[in-house]
Novice: 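My structure is below; once you've seen it, I'll send some questions.
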2 protein chains.
Amino acid sequence: MEHNLKEFFDKALKEVSLDCTVFGFHEGELKVLLLRWKGTDGWSLPGGHILLDESADDAANRILTQRTGLCDIYLQQFYTFGNVNRYVYHPEKELLEQLEVTFGKGFFDGIIFRRVVSIGYYALVEFAQVQPTPDWFTDECRWWSLADVPHLLFDHNEMIERALKALRQHARNHPIGYNLLPEKFTMPELQRLYETILGRPFDRRNFQKLLMSYDILERLDEKRVGAANKSPYLYRFVKEKYDKAKAAGVSFSM
Amino acid sequence: MEHNLKEFFDKALKEVSLDCTVFGFHEGELKVLLLRWKGTDGWSLPGGHILLDESADDAANRILTQRTGLCDIYLQQFYTFGNVNRYVYHPEKELLEQLEVTFGKGFFDGIIFRRVVSIGYYALVEFAQVQPTPDWFTDECRWWSLADVPHLLFDHNEMIERALKALRQHARNHPIGYNLLPEKFTMPELQRLYETILGRPFDRRNFQKLLMSYDILERLDEKRVGAANKSPYLYRFVKEKYDKAKAAGVSFSM
DNA sequence: TTTCAATGCGTAAATTTTACACAAAGAAAA
DNA sequence: TTTTCTTTGTGTAAAATTTACGCATTGAAA
């Protein structure tokens, strides 16, 4: 195993890594995908290194395909973390000891815990489509509600904070939802997504008016049935119009 | 010289570099600082490598202090360029030959023309305060009007494009001018800065109303004299209020 | 059959943004 | 000295956008 790792590193950039904040939306909450390091209770973001013949964007896609089972993931680079001690930092001494028990003392000093600059990406995925899959360092990969995210390894809490900020900034100037919602959804569901990301409530009549004014949604002749209330219409994004609006930019003026 | 370079590289990250688009404002135009490589007519952005005990931000500051003579420069990281061939690419074969004549054949293969990821920063500086200073690779450092920027080495034209986009985005959501204008300036001068950055004209009455509504400007009892017209008032930014507005964000709604 | 929570739909008020004109200053030209 | 020319300082009305808000209907659950 360690041998494989060394082989991999010979084909990869050593001083640069990347980490991804994968956002999903489920039951009215934003979730992020986290990995638990083998034999420890230390969690971190999915990430990895860039191969020598691979662009940073390709590497992020490759890594997330392995973690989620999806391909062509919506990815956005948002910040590069270049502090000196960002990778050396770890909150609890005991955790380092746990890691040393699992991976061997000194193992990380040469390979993981060196000075590394990390490129931060965030990804938007359809929650239900993801198959969370641990990597070689970890034995658990699962969703966490943004509100419940524990103290993470390295500077990964800061990464999530910045990723969320970048996502919010994006949501204020572009349509959002195509990558986070299933194909068909109701207007209240879309509204709840916006409310969750931007962190405040909207008037549902004004919300509907604004979203429809973007001319990116198509109302279907179907309704969502089963709930104890009036059945809401289903909508779907018209991809071409959505892409055009995203490229041109819209201002979410609420 | 080559010896010094190797010594430097032993104390620096080799697979990561950074490049800075330094914006200045002069005679109603945006300018960028460019360097001409020794013995060639190839131009590039100022940049360099990060020392092992130095953060990326510190490195950008150190490098720009050397190029401009300024300290505490306003710097904003905007994108990290991670394509495979970004550093190998060069537009003209003859230029590579020129470089090989000056620096020796094969010299760059091992040190400069390797796979490098580059962190992009833009800087905003007061044009008149800058002392353009070449570095070891270059024998000329000077301002270029944005419109006249030639075909640059590597992917540096793309970097300037992205930097400008990032600056525009910033200008739409934050006050701007403190770092680009001299201490005292007239309202028309400030307006011309906004028009130059955002690339379109504004009504001067509405512009003044909007900028004054930010409550970041103080009108002085002085006027700019000498021009063949009515003497305009001088203004200056009230630093504390400017900083507060920048942190909170304002929307430039014109 | 009744209840209850959520949906669908439209208008009026408030706020923000845009459009626009004329008198005064000051150097340059006559 | 006078005239010319360019640029500045200032306010209001119209248009557009954003916000606030109520009632009838649906459909499962009580």
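Here is how names work: the chains are called A, B, and so on, in the same order as the sequence lines, proteins then strands, and each is numbered from 1.
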Novice: Please confirm whether Lys31(A) makes a cation-pi placement over Phe25(A), using NZ or CZ under 6.0 Å from the six-membered ring centre and within 45° of the ring normal.
Specialist: no

Novice: Record whether the side chain of Arg205(B) comes under 3.5 Å of the base of dA21(C) through a donor-acceptor pair of N or O atoms.
Specialist: yes

Novice: Mind telling me whether Trp144(B) and Trp43(B) have parallel, tilted or perpendicular rings, with 30° and 60° as the class edges?
Specialist: perpendicular

Novice: Identify whether any heavy atom of Lys223(A) sits under 4.0 Å from a base atom; if not, whether one sits that close to sugar-phosphate; answer base, sugar-phosphate or nothing.
Specialist: nothing

Novice: Let me know the distance between CE of Met187(A) and P of dG8(C), rounded to the nearest Å.
Specialist: 8 Å

Novice: Just by distance, do the side chain of Thr133(B) and the backbone of Thr68(B) share a donor-acceptor pair under 3.5 Å?
Specialist: no

Novice: By nearest heavy atom, map Gly226(A) and Asp203(A) onto DNA chain D; which one lands nearer the 5' end?
Specialist: Asp203(A)

Novice: Can you tabulate the close N/O pairs, meaning under 3.5 Å, that link protein atoms to atoms of nucleotides 4-8 of chain D?
Specialist:
| unit_1 | atom_1 | unit_2 | atom_2 | d |
| --- | --- | --- | --- | --- |
| dT7(D) | O4' | Asn229(B) | ND2 | 3.2 |
| dT8(D) | O2 | Lys230(B) | NZ | 3.4 |

Novice: I want to know whether Tyr178(A) and Tyr74(A) have ring centres closer than 6.0 Å.
Specialist: no

Novice: Can you measure Met254(A) atom CE to dT15(C) atom P for me and round it to whole angstrom units?
Specialist: 17 Å

Novice: What is the separation between atom CZ on Phe207(B) and atom P on dA19(C), rounded to the nearest whole Å?
Specialist: 16 Å

Novice: Would a line drawn from the ring center of Phe252(B) to the ring center of Tyr194(B) be shorter than 6.0 Å?
Specialist: yes

Novice: Asp203(B) side chain to Asn206(B) main-chain N or O, any donor-acceptor pair under 3.5 Å?
Specialist: yes

Novice: What's the CZ-C1' distance between Phe252(A) and dT17(D), to the nearest Å?
Specialist: 15 Å

Novice: Under 4.0 Å from OP1 or OP2 of dT26(D): is there any side-chain N or O of Arg224(A) that close?
Specialist: no

Novice: Tell me the interatomic distance from Leu210(A), atom CG, to dT18(D), atom P, rounded to whole angstroms.
Specialist: 7 Å

Novice: If I take atom NZ in residue Lys209(A) and atom P in nucleotide dT18(D), what distance separates them, rounded to the nearest angstrom?
Specialist: 11 Å

Novice: Rounded to whole angstrom units, what separation is found between the OH atom of Tyr214(B) and the C1' atom of dT16(C)?
Specialist: 13 Å

Novice: Please report whether the ring centroid of Trp37(A) lies less than 6.0 Å from that of Phe154(A).
Specialist: yes

Novice: The side chain of Asn206(B) lies closest to which of these nucleotides: dA19(C), dG8(C), dG9(D)?
Specialist: dA19(C)

